[in-house]
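Structure record follows, encoded as structure tokens.
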Number of protein chains: 6
Amino acid sequence: MALTDLTLDECWAYRPELTVPVDLDGFWARTLTADQPGQATYEPVDTGLTQIRTFAVTIAGFAGEPVHGWLHLPAQADQPLPCVVEYLGYGRGRGRPHEKLFWAAAGFAHLIMDTRGQGWSAASGSTPDPHPYPAGTVPGFLTRGITDPDDFYYRRVITDAVRFAQAAREHPAVDGDRVAVTGISQGGGLALAVAALCPDVAAVMPDVPFLSDFRRGVQVAGRAPYTEIVEYLKLHRNRGSQVFHTLSYFDAAVLAPRATAPALFSIAMMDQICPPSTCFAAYHRYGGEKELRIYEFNDHEGGEADHQVEQLAWLRRTFAAESPR
Amino acid sequence: MALTDLTLDECWAYRPELTVPVDLDGFWARTLTADQPGQATYEPVDTGLTQIRTFAVTIAGFAGEPVHGWLHLPAQADQPLPCVVEYLGYGRGRGRPHEKLFWAAAGFAHLIMDTRGQGWSAASGSTPDPHPYPAGTVPGFLTRGITDPDDFYYRRVITDAVRFAQAAREHPAVDGDRVAVTGISQGGGLALAVAALCPDVAAVMPDVPFLSDFRRGVQVAGRAPYTEIVEYLKLHRNRGSQVFHTLSYFDAAVLAPRATAPALFSIAMMDQICPPSTCFAAYHRYGGEKELRIYEFNDHEGGEADHQVEQLAWLRRTFAAESPR
Amino acid sequence: MALTDLTLDECWAYRPELTVPVDLDGFWARTLTADQPGQATYEPVDTGLTQIRTFAVTIAGFAGEPVHGWLHLPAQADQPLPCVVEYLGYGRGRGRPHEKLFWAAAGFAHLIMDTRGQGWSAASGSTPDPHPYPAGTVPGFLTRGITDPDDFYYRRVITDAVRFAQAAREHPAVDGDRVAVTGISQGGGLALAVAALCPDVAAVMPDVPFLSDFRRGVQVAGRAPYTEIVEYLKLHRNRGSQVFHTLSYFDAAVLAPRATAPALFSIAMMDQICPPSTCFAAYHRYGGEKELRIYEFNDHEGGEADHQVEQLAWLRRTFAAESPR
Amino acid sequence: MALTDLTLDECWAYRPELTVPVDLDGFWARTLTADQPGQATYEPVDTGLTQIRTFAVTIAGFAGEPVHGWLHLPAQADQPLPCVVEYLGYGRGRGRPHEKLFWAAAGFAHLIMDTRGQGWSAASGSTPDPHPYPAGTVPGFLTRGITDPDDFYYRRVITDAVRFAQAAREHPAVDGDRVAVTGISQGGGLALAVAALCPDVAAVMPDVPFLSDFRRGVQVAGRAPYTEIVEYLKLHRNRGSQVFHTLSYFDAAVLAPRATAPALFSIAMMDQICPPSTCFAAYHRYGGEKELRIYEFNDHEGGEADHQVEQLAWLRRTFAAESPR
Amino acid sequence: MALTDLTLDECWAYRPELTVPVDLDGFWARTLTADQPGQATYEPVDTGLTQIRTFAVTIAGFAGEPVHGWLHLPAQADQPLPCVVEYLGYGRGRGRPHEKLFWAAAGFAHLIMDTRGQGWSAASGSTPDPHPYPAGTVPGFLTRGITDPDDFYYRRVITDAVRFAQAAREHPAVDGDRVAVTGISQGGGLALAVAALCPDVAAVMPDVPFLSDFRRGVQVAGRAPYTEIVEYLKLHRNRGSQVFHTLSYFDAAVLAPRATAPALFSIAMMDQICPPSTCFAAYHRYGGEKELRIYEFNDHEGGEADHQVEQLAWLRRTFAAESPR
Amino acid sequence: MALTDLTLDECWAYRPELTVPVDLDGFWARTLTADQPGQATYEPVDTGLTQIRTFAVTIAGFAGEPVHGWLHLPAQADQPLPCVVEYLGYGRGRGRPHEKLFWAAAGFAHLIMDTRGQGWSAASGSTPDPHPYPAGTVPGFLTRGITDPDDFYYRRVITDAVRFAQAAREHPAVDGDRVAVTGISQGGGLALAVAALCPDVAAVMPDVPFLSDFRRGVQVAGRAPYTEIVEYLKLHRNRGSQVFHTLSYFDAAVLAPRATAPALFSIAMMDQICPPSTCFAAYHRYGGEKELRIYEFNDHEGGEADHQVEQLAWLRRTFAAESPR
């Protein structure tokens, strides 16, 4: 463990010029208005837990396709709750319903989105990605449909993520003015995208965000998953500009200036998977008020339980300031 | 490099009891008669080569879906040629048209099948797998649809492979009585499956075959791709019997007794990817006449150029014996 | 990932002859009666959680030395609760108070013991091991004081563990007849030792237990921490019998026949850290009623969230059967 | 996979000052005129191929020592052919005669030179290096005789390479005005050296060239074979300047300004074996017209089949421009 | 093997600003005067050697605690000898008495200090570190007591080292005006600390010194033991400044300006364990006359037997100049 | 670190049938009588040591070729000394003259033989191997000339080793009746070969011997250098029996029954380079009286300084028993 990217001083100074596609807003407006989201369903689940009630969630995502998840509520809640919508890290599915108890134990509604097609690494998933699998995709998701923004996998996932944020706002147990989005790594990148595309979100907490400043990620990160893109271009040698053009529609650092909600970022300086410079690219460009916790000696695990304490305090402060009821 | 599986003596004695699904023949009869194969197309390609003519091939595979490939012919051929149909190793696509010149340079028609969805490792592919991507699939292809034989990825690929063998027999430049199937690793497993399902094939040359004796492969092979199954079952802890039930329909060692064509196998004794015992399982159970070349000190690369010499000589002998024109 | 130890059939048949020191019972009687445990203290902690109340625990362990931990209680509990006492895996400390919420969220009292001196790998610790550090100890804990059972580190830790089980039985919020001990890896070995030394414990749930059948562990496990013993004997070449003599007082497989409480074990067949044969040694010799969940395709992570479901169901059944109130 | 050397912009700007030995031209003149090359022999080989005729070649190399190779000709050739002389990558021998069919299948004469002593990695060799083996040579070839330019292994190999280019020009089936030299890695370094020493060569195609800018290669490349030099100097601590003095006679970047033939280079930006900066050093200093194909996301495999297409097109254009017959 | 830190030119220019604690001198004065060193004992050992006489040494170190070692004398010595006091590398104990024979064979008295608590890697130790083991210490010694300079492990070790240098000066077989201190890695850092704290030392020979410029060591060194500090801060995320404050009292680069004895340094440019820049930091700041041997192509092994030759010559020259008897 | 070969019980029972070439004795008689050894020269070297006198040795080895070495004598020796002749481990050269001082410091004459061509790994060498380098040799020495016993590298090295033992016996400072041969790894294999071929040797001390039971070594050892043979046969697939035929002339386990001198072996049970079974093969077949020290928890480093103590005591006992002067 040592630095493998820029130093902290260099990261503060790192301001890459990123190409913003001219039709970025149009692309997303077209995407998000294409289908009216369907009805969300919430089925109670018997987890054996007594302090937390859990519901199996199905929400209509991209193209109205069903996307699963969990909703956790504190067992005794008698008024609308602030809500944390969580997007997951790359490879992880929603898992068993009793795996993530922190936010509900702290008195929040907690909505977790399964990432379509994923769920093989640390927790299983249950949402398929019902789309043709293009030839030559590098195993994984980063190059699936990468030759065209319309076909790219993350177009579907970001749309799902927006739908989950919207569903959270509309859930009767939730106070729609106090919905935060968060996530680690891929989940952090998705939270940033939702913040940019969904102005009603009240707070954003991206941790060691992935999907940010792709070109640098690809040059610096020696470990998966940015390397999926390298593997792809290694074989499809003439598709470099096409690939980076597609990615520019989904790059959290490109989308970040469009966000306005207050944000609490975390970045780890010895992160080998999401190099800190790439996270700083998103942080520097973020459009809303922002705070940052830097973990100088951590790899991609970032702040872990320590950062949860930071998030809980920050979120209570932020919601208190915003919603003086 | 050292032995990592059974010794050669132990391999000769290794006769695993494999479960044959009761409806194995029915499953495959139903699968293969479901769609009548469509029309194959052969478009000339300008490779810049003067000694070999190449055609971009499209053949209707599973569900009539287009599967691509290359057909190479010697530049001057004036009568029907014996033909080698080649299936590719895991991860490899058909690649550039000038990559595999051996069989055509030796005077054979040479038909190469792209493996649907694959083509990211050593050569690119151009055939998508237009089917929904199930939740929780381990990146790669070995667990795609693994919960049901009807949905399993290799049902589609084996059907494609049968169609390519049939198309070869029907091509006007080919002598349909002298069509051999071959392949390395995954290609070797597919060649065995085709030999079992397609009795008109005149010769089979499986090299270090993959997709054989899955249960042992999963227990012994410490390296991908058998490990995809381990990764899947590591998370889906209660799906073991379901998974191995599905796999039994596609296991080259289960299918091998149904084959009757003469066969030339190769097996490498230090193979870390397809442990030699798993290849011996298929060899021992193979239903036709068979020869075996053992490479005692080779890993999964097997016999390479040395084995091509063996194959060329064996195939000429075999076709000479069979087709005394 | 593949098998690296015996197969499942071989594990069922594996019954090692282990040397039981003649003064084993005397050693532990002498150790456990040496000091009367002091007073336990429980200080409320502000975790920010609303559904679970947490207390910082200090219990007098070996030689009356203070050992820390956490006690979690469901927020609304109005009668004595069944309790789960948890010992931690090697390297892990008690961590942040909000890290382990499962048992309290399920309505149990949950007492977590910091492992003295540890807490550097996955979660920090706060309990020192106030004893001289012997020359030549391999970094880690497995060889600390290994030349004499009286000085061996695990004499202190097992005593601490017994004290925690006793303190749980005496806590006013706990139903002393329904105290279970559990833990993963090192925690599983400690749970077994406590079960052997502390007959009042009502249930035992050792997961992938470490500290079991040391001699085989040392021969088979290629990864830490059993390898600490190899490293030690590599340099102290003439201390083999002395070392294994010391270890025999602390070997969970040696202690297991003395236990009588019902037990739920878990063992992982691809476990590279605690080879399954070593865990089977403890299971086979366990003195009480016992059940076993085998995870055939898992490494040392074992059953994880899936096994928590098994444990919760088994524990409710076991406590219901035992304590028909 | 990520960048491990300079970025592309930095590579374009990288212009190292390399020390040119004062007697460089004299050294090579003396070396190349020392022996008059002997008679080349060409024995037909039965490869089983019908479209390509192959000859086992023996050409008198350094000190008149026999150096083997293969000559491939298209089966039907009725006039002098353009010829590609290929030098091999480090470790590779000439292999089986049917391994490299591309250039002959494209209508070229194709002469392949065995690298003396080599042939253990990817293809076997048949040419010994009949010279005393100096004490302390690091296994491999980079430090063999490195204490004196006269004894250095590459003095012999470069001389062999020049002899092969000359022999190609004199072969009756070859149009001596259209002889190109090429090679990957070590072969690319040799092609550059031949271009510098043998002005009659009509075209040069060095791919990811090795043997270029040794000092930087040694400082940057963490993987073999540049590391052989590090290993040598690690033990022979006081021979640094002697070693780099010897290497300067054989450095492709030092020799490059002497070349005049048109050249097509390839360089891979994620090359861990021949860091791109070292290849750029040769490119920038190359004396003739030059083109460059950059593979931004490739390791040392470089452009592979894609680059063959580039080479074929470029070579046809270049020969058409040069030899307007 | 390649450069993994600054180039040689950059190292010459590297002058970090290091924080010197305001009470540095007071801290060490207080520490070193706290206990009067006790009586040293020297017991003859039967090593079986005939040319060298060896004594088992016990010297009162920190807090008067016994610290062991060896003293070697040439078999026939009839007048006070110059003496080399050697401190050991990290992990190594004093080992067997016949392991280090060079200095005595060269006619010097040679006093070797066991490093308390260490002795598990390359040679065993026999000196315990009789102090409580703090919670959460990363296995190893670099973070033991790191939250307070008074408790830090190296406070004790440096005190031991000073006591050994003093004992050497007082030994009847030794010429007290010709005592040198030396050591490799950790031993080099200790030698520098002793040079700074013990002005009577006549010569200092630090090789590839460890414990120097900690902050950079932690950022650059990807391999143990600097990484112990990273591991610690990875979990104790808020202790960064506390940790580096403690370390500043023990940093060889911070202490170096206080030294006045002539010094011979060695630094290895491909050192992955003690990055050359960190060694240069100590070298540049060293207060006495100094020479430096640079090993450009060596990893942490540095100059080994070659450097012993340098040391022997330099030390004879230095002692001759200083002590013209 | 764990067992990677047979257990100790299995090693005691392991008795492989090895093929003894029919002309084994003739081969060696012919080899050793071919050249009369030339005159040995001994040049004093200034090492700076005062207790040990060192001479640079040159002895006529195979074909009378000069082979270098060192001779160390205690500084004051006034009668013929017992002598230890040491052969070196693979890769190591004779190094600097002051590197190995143990035997001379213990009062023995100590003659060290440089291994021709070697000296790149741990210590440099100065003896070339003035023979042609065959095509396709795997870098290293194990396959150099392996197609013919007459050309095989170890024919030359074993002859050199015999010459050194003979020269020791004839040196005026040596008592020719008390000459022992020893060595670690390759040196141990050479010592065994000399013991078999040179009946005048009075004692043999092979440590973790290499070059023994080649066929098993090649199947079991996953690390170099036995793997050189695998690499060779991986490419030269049809040379297996030829290679093992050649090796049978040089296999220490094949030669061992011919030896008669008393022997002290050492074997390490976790040896990954020379698997213990292969060493046991030589031990079991050894023709003279024999003792064995087993290091149960050591890798290829074996007994190190601990074993030196064993050797010194054993050798003194053995020489005392043999030579009652």
Side-chain angles (χ1 to χ4, degrees), chain B residues 2-6 10 14 16-17 19 135-140 142-143 146-147 210 212-247 270-279 281 299-300, chain C residues 1-14 89 102 184-185 188 205-209 219-223 264-277 279-280 283 291-314:
Chain B
L3 293 184
T4 55
D5 187 14
L6 304 182
E10 291 166 339
Y14 174 69
E17 294 200 11
T19 305
T137 302
V138 173
L142 249 69
T143 63
I146 202 168
T147 51
F210 181 46
S212 176
D213 195 358
F214 280 103
R215 190 174 278 275
R216 184 166 176 87
V218 157
Q219 289 185 333
V220 172
R223 296 176 50 190
Y226 277 124
T227 50
E228 291 180 16
I229 300 169
V230 176
E231 275 190 77
Y232 186 86
L233 292 173
K234 183 173 173 171
L235 215 58
H236 302 94
R237 294 178 176 85
N238 60 349
R239 295 192 188 162
S241 41
Q242 186 181 9
V243 158
F244 287 107
H245 175 70
T246 293
L247 290 170
M270 293 183 174
D271 192 330
Q272 300 182 68
I273 289 174
C274 295
S277 59
T278 63
C279 302
D299 195 348
H300 194 51
Chain C
M1 284 289 299
L3 293 184
T4 56
D5 187 15
L6 305 182
T7 65
L8 185 50
D9 284 350
E10 291 165 340
C11 279
W12 281 113
Y14 173 70
F102 175 73
I184 296 173
S185 193
M205 301 185 296
D207 292 328
V208 293
Q219 289 184 333
V220 172
R223 297 175 50 188
L264 174 66
F265 282 73
S266 71
I267 299 179
M269 292 306 297
M270 292 184 175
D271 193 330
Q272 300 182 67
I273 288 174
C274 295
S277 59
C279 303
F280 267 92
Y283 174 77
E291 292 186 34
L292 171 58
R293 301 291 179 273
I294 294 170
Y295 296 104
E296 270 196 86
F297 300 97
N298 284 87
D299 195 348
H300 194 51
E301 75 283 348
E304 290 175 314
D306 288 338
H307 194 61
Q308 285 182 313
V309 174
E310 298 286 316
Q311 288 188 327
L312 182 54
W314 179 87

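Numbers restart at 1 for each chain; the letters A, B, ... are given by sequence-line order, proteins then strands.
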Legend entry - ring-ring contact (aromatic ring centres under 6.0 Å, His included) against C/Tyr283, all qualifying residues, sequence neighbours excluded: C/Phe265
Inset, instruction - Using non-hydrogen atoms and a 4.5 Å limit, figure out which bit of C/Met269 sits close to chain B: side chain, backbone, both or neither. - result: neither
Inset, instruction - Please examine the side chains of C/Phe297 and B/Ile229, heavy atoms only from C-beta on, and report whether any two atoms are closer than 4.5 Å. - result: no
Pairs of donor and acceptor atoms under 3.5 Å between chain C and chain B, please, with atom names and distances.
unit_1	atom_1	unit_2	atom_2	d
C/Met1	N	B/Gly222	O	3.4
C/Leu3	N	B/Gln219	O	2.8
C/Asn298	OD1	B/Arg237	NE	3.4
C/Asn298	ND2	B/Lys234	O	3.0
C/Gly302	O	B/Arg237	NE	3.2
C/Gly302	O	B/Arg237	NH2	2.8
C/Gly303	O	B/Arg237	NH1	3.4
C/Glu304	OE1	B/Arg237	NH2	2.8
C/Asp306	OD2	B/Arg237	NH1	2.8

Inset, instruction - Could you tell me which portion of B/Val230 (side chain, backbone, both or neither) has an atom closer than 4.5 angstrom to a non-hydrogen atom of chain C? - result: both
